[in-house]
Student: 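Just passing along the structure, written as structure tokens.
Just so we're clear, the structure is a prediction, and the values are computed from it rather than from any experiment. Just so you know, ligand 1 is whichever comes first in the structure, and atom 1 is the first atom listed for that ligand.
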Amino acid sequence: MAYGNELTVALLAVQRATLLTKRVFHEKAKGTVSKDDKSPVTLGDFGAQALIISAIKRNFPNDEVVGEEEASVLRANNTLREQIWDLVQGARLENSDAEDKIGGPIQSVEDLLDAIDHGTSAGGPKGRIWALDPIDGTKGFLRGGQYAVCLALIVDGDVKVGVLGCPNLPVDDSAPLDENVSSDQTDETGKGVLFSAVRGEGATSRPLSRGALQQSQPIRMKDLTDVTQATFCESVEAGHSSHGDQAEIAKLLGITKSSVRMDSQAKYASIARGAGDIYLRLPVSKSYVEKIWDHAAGDLIVREAGGEVTDATGKSLDFSRGRTLSENKGVVAASKGVHAQVLEAVKTVLESK
Ligand SMILES: Nc1ncnc2c1ncn2[C@@H]1O[C@H](COP(=O)(O)OS(=O)(=O)O)[C@@H](OP(=O)(O)O)[C@H]1O
Ligand SMILES: [Mg+2]
Ligand SMILES: [Mg+2]
Ligand SMILES: [Mg+2]
């Protein structure tokens with residue numbers, strides 16, 4: 001399989017990072033710090049970024065990483081740094097071959113900080129670049145909702161491998177969409193999914209585990225031709241995606257079911273496994289530019305599951321422009337049978353503004 005080694009490393013690295021994020025998820029004090037743009041970052045975001053980058057550095061020392069977080073807050077804050085060090089040391093895969101494959105534990109606090117700060121690549125159209133969002137949907141993570149650990153390999157501007165770890169989604173790919181938002185399952189009864197895709201080779205899901213990788217199974221978008229029957233997913237935060245425009249589009253398409261609001265790239269994963277049909281993310285402000293780590297893995301997983309992903313003008317998402325999707329506005333992801341119709345409605349509503 002093309003990119004087989006990259007896929008295995010990415011799956012194990014994301015799986016190990018979810019052990020850490022799940023621990024933080026259940027703690028009352030998540031070590032939340034406000035970043036310069038006022039968005040939150042937690043012990044979980046820092047710890048997961050350190051663990052994943054150390055696995056990449058060990059296996060692919062020449063690759064670059066575009067990561068969301070950086071360590072300056074930790075260099076200045078002893079308490080936070082020590083808390084993360086403890087968490088990172090405690091996050092080990094219970095299968096020694098799997099743990100060895102991704103380099104074993106981080107050796108020192110300096111290595112931990114260096115790993116986090118290795119995510120500063122400028123991105124671009126040439127070479128091998130990993131896009132990493134250690135916790136996507138941090139606001140959802142803090143609220144007790146959905147979140148995802150997201151990793152993708154971009155080669156010469158094209159996404160080749162995508163992995164999404166979704167600890168709060170039900171394992172069952174056929175569970176209805178509202179159960180994807182809020183599952184009654186526990187880790188023991190079937191919660192926690194690892195999605196992945198390799199370019200040209202399809203998309204899969206498998207249960208998250210604490211050790212070796214579990215068996216995977218293929219996932220497919222639902223084959224929808226009657227758009228009025230669609231269910232669509234959107235962000236929880238109105239500040240991230242325009243609920244008003246999305247409601248107008250649904251109305252124009254004759255969709256009567258109410259939208260399902262879900263944090264993070266779990267939205268891409270949910271439509272890829274056929275639980276939902278459409279993911280709309282329409283710009284709230286003219287100035288906001290989407291980040292590549294918020295979309296790279298989800299975009300590939302949906303396309304490999306038979307879906308179509310464009311921006312609000314119909315262009316493919318362009319991951320070759322650096323750290324952001326500077327050539328794109330918004331996201332329209334849907335099954336092939338209805339994407340063109342959805343895109344027309346998006347254009348009509350946005351042009352009327
Ligand atoms: N103004 C604005 N517009 C669009 N997107 C923004 C904006 N501000 C932030 N972000 C990014 O949104 C990421 C989370 O998106 P979600 O779809 O998960 O939002 S929500 O949590 O469901 O509300 C979130 O990712 P994380 O920081 O990884 O959580 C941000 O990168
Ligand atoms: Mg963030
Ligand atoms: Mg994000
Ligand atoms: Mg994030």
Student: Is the contact between Asp133 and ligand 1 made by the side chain, the backbone, both, or neither, using heavy atoms and a 4.0 Å cut-off?
Tutor: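 Asp133 to ligand 1: side-chain contact only, backbone stays beyond 4.0 Å.
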Student: If I consider every N, O or S atom in Glu68, which one ends up closest to the Mg ion (ligand 2)? I only need its name.
Tutor: OE2
Student: Mind checking whether Asp294 contacts ligand 1 via backbone (N, CA, C, O), side chain (CB onward), both or neither, at a 4.0 Å heavy-atom cut-off?
Tutor: side chain
Student: Would a line drawn from the ring center of Phe141 to the ring center of Phe25 be shorter than 6.0 Å?
Tutor: yes
Student: Examine the proximity of ligand 1 to Gln265 and report which part, side chain or backbone, both or neither, has a heavy atom under 4.0 Å away.
Tutor: neither
Student: Distance under 4.0 Å to a non-hydrogen atom of Glu290: what atoms of ligand 1 satisfy this?
Tutor: 4 (C)
Student: Looking at Lys22 and Glu27, does any basic side-chain N land under 4.0 Å from a carboxylate oxygen?
Tutor: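 No salt bridge links Lys22 with Glu27.
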Student: What are the atoms of ligand 1, with element, lying closer than 4.0 Å to any heavy atom of Ser235?
Tutor: 16 (P), 17 (O), 19 (O), 20 (S), 22 (O), 23 (O)
Student: Is it the side chain, the backbone, both or neither of Val284 that has a heavy atom closer than 4.0 Å to ligand 1?
Tutor: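 No part of Val284 is near ligand 1 at this cut-off.
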Student: Would you call Ser285 a ligand 1 contact, heavy-atom distance under 4.0 Å?
Tutor: no
Student: What protein heavy atom sits nearest atom 21 (O) of ligand 1, and how far away is it?
Tutor: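 Going atom by atom, the protein heavy atom closest to atom 21 (O) of ligand 1 ends up being Asp263 OD1, 2.7 Å.
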Student: Report, in ascending order of atom number, the atoms of ligand 1 lying under 4.0 Å from any heavy atom of Lys267.
Tutor: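 Here the atoms of ligand 1 in question are 16 (P), 17 (O), 18 (O), 22 (O).
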Student: Between Lys139 and Asp263 (salt bridge meaning N to carboxylate O under 4.0 Å), is one present in this structure?
Tutor: no
Student: Quick one: which ligand 1 atoms are inside 4.0 Å of a heavy atom on Gly239?
Tutor: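 It comes down to these atoms of ligand 1: 1 (N), 2 (C), 3 (N).
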Student: Ion pair present between Arg303 and Asp299, side-chain N to carboxylate O less than 4.0 angstrom?
Tutor: yes
Student: Any donor-acceptor pair under 3.5 Å linking the side-chain atoms of Asp45 with those of Thr138?
Tutor: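 Result is yes, a qualifying pair exists.
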Student: Should one rank Tyr288, Tyr268, Tyr279, Phe141 by closest heavy-atom distance to atom 6 (C) of ligand 1, which comes out on top?
Tutor: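 Looking at heavy atoms only, the winner is Tyr288.
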Student: Which option, Arg281, Arg261, His295, owns the non-hydrogen atom nearest atom 15 (O) of ligand 1?
Tutor: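 Of the listed residues, Arg281 has the closest heavy atom.
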Student: When you compare the side chains of Ser335 and Asp277, does any donor N or O come within less than 3.5 Å of an acceptor on the partner?
Tutor: no
Student: Numbering the atoms of ligand 1 from 1, which are under 4.0 Å from a heavy atom of Thr138?
Tutor: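 Counting from 1, the qualifying ligand atoms are 29 (O).
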Student: I want to confirm something. Looking only at heavy atoms, which of Gln146, Glu68, His240 is nearest to atom 8 (N) of ligand 1?
Tutor: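 Looking at heavy atoms only, His240 sits closest to atom 8 (N) of ligand 1.
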Student: Can you tell me which residue among Val193, Leu177, Ile301 is in a side chain to side chain contact (heavy atoms under 4.5 Å, CB included) with Arg273?
Tutor: Val193
Student: Salt bridge or not for Lys353 and Asp245, using N-O below 4.0 Å?
Tutor: yes
Student: Ignoring hydrogens and geometry beyond distance, is a side-chain donor-acceptor pair present between His295 and Tyr268 at under 3.5 Å?
Tutor: yes
Student: Need the ligand 1 atom indices (1-based, order shown) with element for anything under 4.0 Å from a heavy-atom of Ser264.
Tutor: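 The list of qualifying atoms is 16 (P), 18 (O), 22 (O).
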Student: Identify, for atom 22 (O) of ligand 1, the protein heavy atom at the shortest distance, and state residue, atom and that distance.
Tutor: Val236 N, 2.9 Å
Student: Verify whether one side chain among Ser259 and Glu234 offers a donor that lies under 3.5 Å from an acceptor in the other.
Tutor: yes
Student: Please determine if Arg210 and Glu94 form a salt bridge, counting it only when a charged side-chain N lies under 4.0 Å from a carboxylate O.
Tutor: yes
Student: Please confirm if an N, O or S atom belonging to Val41, backbone or side chain, lies less than 2.8 Å from the Mg ion (ligand 4).
Tutor: no
Student: Check each atom of ligand 1 against the heavy atoms of Gly137 and keep those under 4.0 Å away; list them by number with element.
Tutor: 18 (O), 26 (P), 28 (O), 29 (O)
Student: Under 4.0 Å between a Lys/Arg side-chain N and an Asp/Glu carboxylate O for Arg75 and Asp114?
Tutor: yes
Student: Could you tell me, atom by atom, which parts of ligand 1 come under 4.0 Å of a heavy atom of Met262?
Tutor: 22 (O)
Student: N/O/S of Asp133 less than 2.8 Å from the Mg ion (ligand 4)?
Tutor: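 Yes - counting backbone and side chain alike, Asp133 has an N, O or S atom under 2.8 Å.
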Student: Using a strict threshold of under 4.0 Å (side-chain N to carboxylate O), is an ion pair present between Asp294 and Lys291?
Tutor: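 No, no charged N to carboxylate O under 4.0 Å.
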Student: At under 4.0 Å between heavy atoms, which part of Glu237 makes contact with ligand 1: side chain, backbone, both or neither?
Tutor: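 For Glu237, backbone and side-chain atoms both sit under 4.0 Å from ligand 1.
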